[in-house]
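We number each residue from 1, following the sequence as shown.
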Amino acid sequence: MSVNVPTPAEIAALPTSEFAFPGPLRDQLVAAILTEAKTSTTGLVVDYEHEGEALPKVGERAVVVDSGERPVAVIETTEVRVVPLSAVDLEHVIDEGEGDRSIASWRANHESFWHSKEMREALNDPEFTVDDATLTVLQRFRLVADLQ
């Protein structure tokens, strides 16, 4: 991690990166980012499309916010891959820093999130489900600055 903390103006100019929805899961993920246990994350292409957001690009930086929407870290994307859900690899799973040690465990936990009421509401699709062909966005990042 760099010791050069971005200025308030630089931080304000960066896009926001939200991990999960506000609450215990986001708090857990943010804590893992701050300890550098979490260096990867998985999104769904359909979510980016629904939000009208571009996929992350290598070299882009973003401000990670906590459940109170407070800036807590700056991360920089180091790798982006778009793969079907069935192609997510164990290295990515472990680097997510959520404690999963098998792809099956990781997938069950992520499907629980993706099939949650909150996610279905966010996508405006009460019956949304994923399958092996669902396109995922596998993003690797590094912690640039701890803002706490």
Side-chain angles (χ1 to χ4, degrees), residues 1-2 6 11 13-148:
M1 178 177 68
S2 171
I11 293 167
L14 292 173
T16 299
S17 185
E18 298 175 335
F19 287 78
F21 298 105
L25 179 56
R26 179 179 290 178
D27 296 339
Q28 171 192 341
L29 299 177
V30 167
I33 290 167
L34 292 172
T35 64
E36 297 182 84
K38 182 171 183 62
T39 59
S40 71
T41 192
T42 306
L44 298 176
V45 169
V46 68
D47 192 22
Y48 283 92
E49 290 172 345
H50 179 77
E51 296 297 323
E53 293 180 10
L55 297 183
K57 291 183 176 51
V58 172
E60 287 181 339
R61 291 185 173 187
V63 176
V64 176
V65 296
D66 64 12
S67 288
E69 304 298 323
R70 293 176 296 270
V72 295
V74 175
I75 58 172
E76 179 179 84
T77 299
T78 60
E79 180 183 19
V80 178
R81 294 183 292 150
V82 175
V83 302
L85 183 56
S86 62
V88 174
D89 59 272
L90 185 59
E91 180 182 12
H92 179 83
V93 165
I94 291 170
D95 290 347
E96 280 207 0
E98 297 175 36
D100 292 304
R101 293 292 174 246
S102 73
I103 294 170
S105 169
W106 172 89
R107 182 155 171 176
N109 289 330
H110 279 68
E111 284 188 14
S112 177
F113 175 78
W114 291 326
H115 297 162
S116 69
K117 180 181 177 194
E118 294 88 353
M119 187 66 174
R120 288 174 171 165
E121 285 177 358
L123 292 173
N124 295 323
D125 184 349
E127 297 180 20
F128 176 77
T129 58
V130 297
D131 60 30
D132 283 350
T134 300
L135 291 178
T136 62
V137 180
L138 307 185
Q139 179 184 6
R140 290 191 169 281
F141 55 85
R142 69 181 186 93
L143 180 63
V144 173
D146 181 335
L147 303 177
Q148 295 188 319

Is it the case that the side chain of T16 and the backbone of V63 share a donor-acceptor pair, with hydrogens and angles ignored and the cut-off at 3.5 Å?
no
Sub-3.5 Å donor-acceptor pair from the side chain of N109 to the main-chain atoms of S112, do we have one?
no
Within the distance-only criterion (no hydrogens, no angle test), does the side chain of D100 pair as donor or acceptor with the backbone N or O of S102 below 3.5 angstrom?
no
Interatomic spacing from CE in M119 to OG1 in T129 - rounded to 0.5 Å:
12.0 Å
I75 side chain reached by E60 side chain, heavy atoms, under 4.5 Å
no
Pairwise distance CD1(I33) to CG(D66) - rounded to 0.5 angstrom:
11.0 Å
May I have the step-by-step check of side chain to side chain contact (heavy atoms under 4.5 Å, CB included) for V137 and V45, ending in yes or no?
CA-CA 6 Å; V137 180; V45 169; 3.7 Å; yes
Examine distances only and state if a side-chain atom of R26 and a backbone atom of F19 form a donor-acceptor pair shorter than 3.5 Å.
yes
Provide the closest heavy-atom pair for I11 versus P6 in the form atom of the first, atom of the second, distance.
CD1-O, 3.5 Å
Going by heavy atoms in the side chains, are R70 and Q148 under 4.5 Å from each other?
no
W114 versus L85: any side-chain heavy-atom pair under 4.5 Å?
yes
Mind checking whether V64 and F141 have side chains closer than 4.5 Å, heavy atoms only?
no
Nearest 0.5 Å please: distance from the CG atom of L14 over to the CZ atom of R61.
8.0 Å
Test E96 against every option in T42, T41, T39 by the side-chain hydrogen bond (donor to acceptor under 3.5 Å, both in side chains) rule and name the one that passes.
T42
From I103 CD1 over to I94 CD1, what is the distance, rounded to the nearest 0.5 angstrom?
9.0 Å
Is any side-chain heavy atom of V88 less than 4.5 Å from a side-chain heavy atom of H110?
no
Measure the CD-OG distance between E111 and S116 for me, rounded to the nearest 0.5 Å.
12.0 Å
Between F128 and H115, how do the two ring planes meet: parallel, tilted or perpendicular, split at 30° and 60°?
perpendicular
Does some side-chain heavy atom of D131 sit less than 4.5 Å from a side-chain heavy atom of T134?
yes
Which heavy atom in S67 sits nearest to a heavy atom in D27, and how many Å separate them?
OG-OD1, 2.7 Å
Give a yes or no answer on whether the side chain of S40 reaches the backbone of H92 with a donor-acceptor pair at less than 3.5 Å.
yes
Shortest non-hydrogen contact from Y48 to G43?
CE1-CA, 4.5 Å
Please report the C-alpha distance between L44 and T136 in whole Å, then the side-chain angles of each, then the deciding distance to 0.1 Å, and finally whether the side chain to side chain contact (heavy atoms under 4.5 Å, CB included) criterion is met.
CA-CA 4 Å; L44 298 176; T136 62; 4.1 Å; yes
Begin with the C-alpha distance, continue with both residues' side-chain angles, and end with the deciding distance and a verdict on side chain to side chain contact (heavy atoms under 4.5 Å, CB included) for V80 and K57.
CA-CA 7 Å; V80 178; K57 291 183 176 51; 5.8 Å; no
Residues A62 and S17: closest non-hydrogen pair is CB-CB, 3.8 Å
Are the side chains of L123 and D47 in touch, meaning some heavy atoms are under 4.5 Å apart?
yes
Find the distance between CG (L143) and NZ (K38) and round it off to the nearest 0.5 Å.
13.0 Å
